[in-house]
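These notes concern the structure reproduced below.
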Amino acid sequence: MAAALTVECRKTYPGRFTAATQLTLPLDPPRVLILFGPSGSGKTTLLRCLAGLEWPEEGLIQFGPTTWLDAASNIRLSPQARRIGYMAQDYALFPTHTVRGNIEYGLSDLPVEARQERVRELIALLQLQGLEQAKPAQLSGGQQQRVALARAIARRPQLLLLDEPLSALDAPTRSRLSGELRALLTQLHIPSVVVTHDWAEALTLGDVIAVMQGGTILQTGSPQEVFSRPANAEVAQIVGIETVVQGHVVANDNGLATVSVNGTMLKGLAADVNGTAVYVCIRAEDVLLEQSGSGVTSARNHLSGRITEMLPQGVLVTVTVDCGFPLRAVITRGAREELGLETGSLVAAVIKAGAVHLVPRSTQLHMGRSSQ
Amino acid sequence: MNWIAIAVTFKLALLTAAVLLVVGLPIAYWLTFSKWRWKFIVESVVALPLVLPPTVLGFYILVAIGPHSPVGRFYSDVVGHPLPFTFEGLLLASILYSLPFAVQPFAAAFEQVDRRLIEASWTLGVSKLKTFFRLIVPLSTAGLITGAVLSFAHTLGEFGVVLMVGGNIEGETRTVSIDIYDEVQALNYAGAAKTALLLLAVSYSVLLLVYAMNRKVWAVWPQR
């Protein structure tokens, strides 16, 4: 069997729930696994169990050939012995240490010269030149995050654990740094587990997404798979984005990008998009359906296609339209009757450019991935 | 002024503070970080000298180190003389008597250290012991100095325990507070006043230092 990280844990939260987690992450090639879910879904707890900072009552954690936890035989490998890089949500930088002191904190068993060399490398890699002597309180949020990352990867960990790596930052910094973080993770080539509740972050950073709720992993798969084909209604509700397809930017006119998805052209807002490979994300409630060929609107996207599926859910109907790619829309039962929509009907789907979210996927991204 | 008594007192207070700085740290660490459900029992024992009359504490220490107790017998077998009414006996009593004055500020300081920092240190491969010295101690300096200074000041002024365990032997166990008492008994108010003023001045300066150091606006670590 190929080397993998396997987790099987049970942990009871009095008055809340019993978390039963099962997870397998192949380690070769190294991948970025996203633990995705609303707050309180047990993502951070799972991450802390992986770090050895929390102990499930029952469970088994196996990292390749090494057993990290086996509650039944009382094997509990300490955090020190796991050779991990762990970054807490608020970075937990040591206030009494300088930037340099923080980065070299875990390197005390290296000889002085090797340690200095490693610190130099990390300072260059994370662009912290000139800040070596600063204390954490003197740094901006983005700089703190980079110091925390440098410290976490300084010991060349065999597994990198990041808890909401971008949530402590303000929105503009966050969207800028998420691309940088993705590039860094790809460059590091270390198996990583990243906790987030932000879908754009999950799509940017992840190779594999595990959707969590109530301490349990509901679905695991590639980002596109999880977002476009949620395993059940619960997952669909958590991810909240019904259409996620790959596309590439063919033109960018002052932030209004034209994206080709299987040959179908879409217009979307692309403030932070630099590369050409993107995920195109559209919420079903942002899609308007009309009878084919009628009217001109202010919306930038008019796509025509045939209805391939209709799923009634209470007063609403989820309609899948094949317009070069499967596009999901949600309409009311009344609207469906008025328009006389049936499977096979020809319709026009109208989407405002602002509702077409483009999440950048750097081309480097696919290098380390298996052919999913 | 009885300079011999002053020298004995300062030697006793300094040694007590030094020993408590060493002995108090592991106790405070355990009290802060242990998850043992009966921890409060130990906490209460440590705090006992705060409420117990010094004569009661002194009495029990005297009995415990006396020639009829195993500890006392063992000590006199090894060292050659009994423990009560010696400087070493007095030191031991002072350490027990001042224990809460060191341990409680230490524990309060450790309590203030953000657990996430400690966890970060562990995940960086640094052992619990090294984390203590490299992270927890630097973050707790104010509390450590407070504990050491308070136990020093508290030992300076002790009376009941000294009388019970140390007696009143010039150059050995006769401390400033006992000297003042003797002067008053001998109706030498002028001599008592000088020594008392010295003790007042030292004690007040020490407390000034502690309170100034713990002022929030005058943080020991300006970066925090």
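Every chain is numbered from 1 and lettered A, B, ... according to where its sequence line falls, protein lines coming before strand lines.
- A:Gln62 and A:Thr6 share no side-chain donor-acceptor pair at under 3.5 Å.
- The local environment of CZ in B:Phe59 is sparse, with at most 12 non-hydrogen atoms from other residues, nucleotides or ligands closer than 6.0 Å.
- Neither the backbone nor the side chain of A:Arg83 comes within contact range of chain B; no heavy atoms are under 4.5 Å apart.
- Taking chain B as the reference chain and counting heavy-atom pairs below 4.5 Å, the highest number among A:Gly106, A:Ala92, A:Gly85, A:Ala148 is found for A:Ala92.
- A:Asp90 touches chain B through its side chain: at least one heavy atom from C-beta onward sits under 4.5 Å away, while N, CA, C and O do not.
- The closest donor-acceptor contact from the side chain of B:Ser76 to the backbone of B:Arg73 lies under 3.5 Å.
- Relative to the six-membered ring of A:Phe36, A:Lys43 misses at least one condition, a distance below 6.0 Å or an angle of at most 45° to the axis.
- Interface remark: A:Arg155 contributes side-chain atoms only to the contact with chain B (heavy atom separation under 4.5 Å).
- Neither the backbone nor the side chain of A:Leu161 comes within contact range of chain B, judged by heavy atoms closer than 4.5 Å.
- Closest heavy-atom contact between B:Val71 and B:Ala64: CB-O, 3.7 Å.
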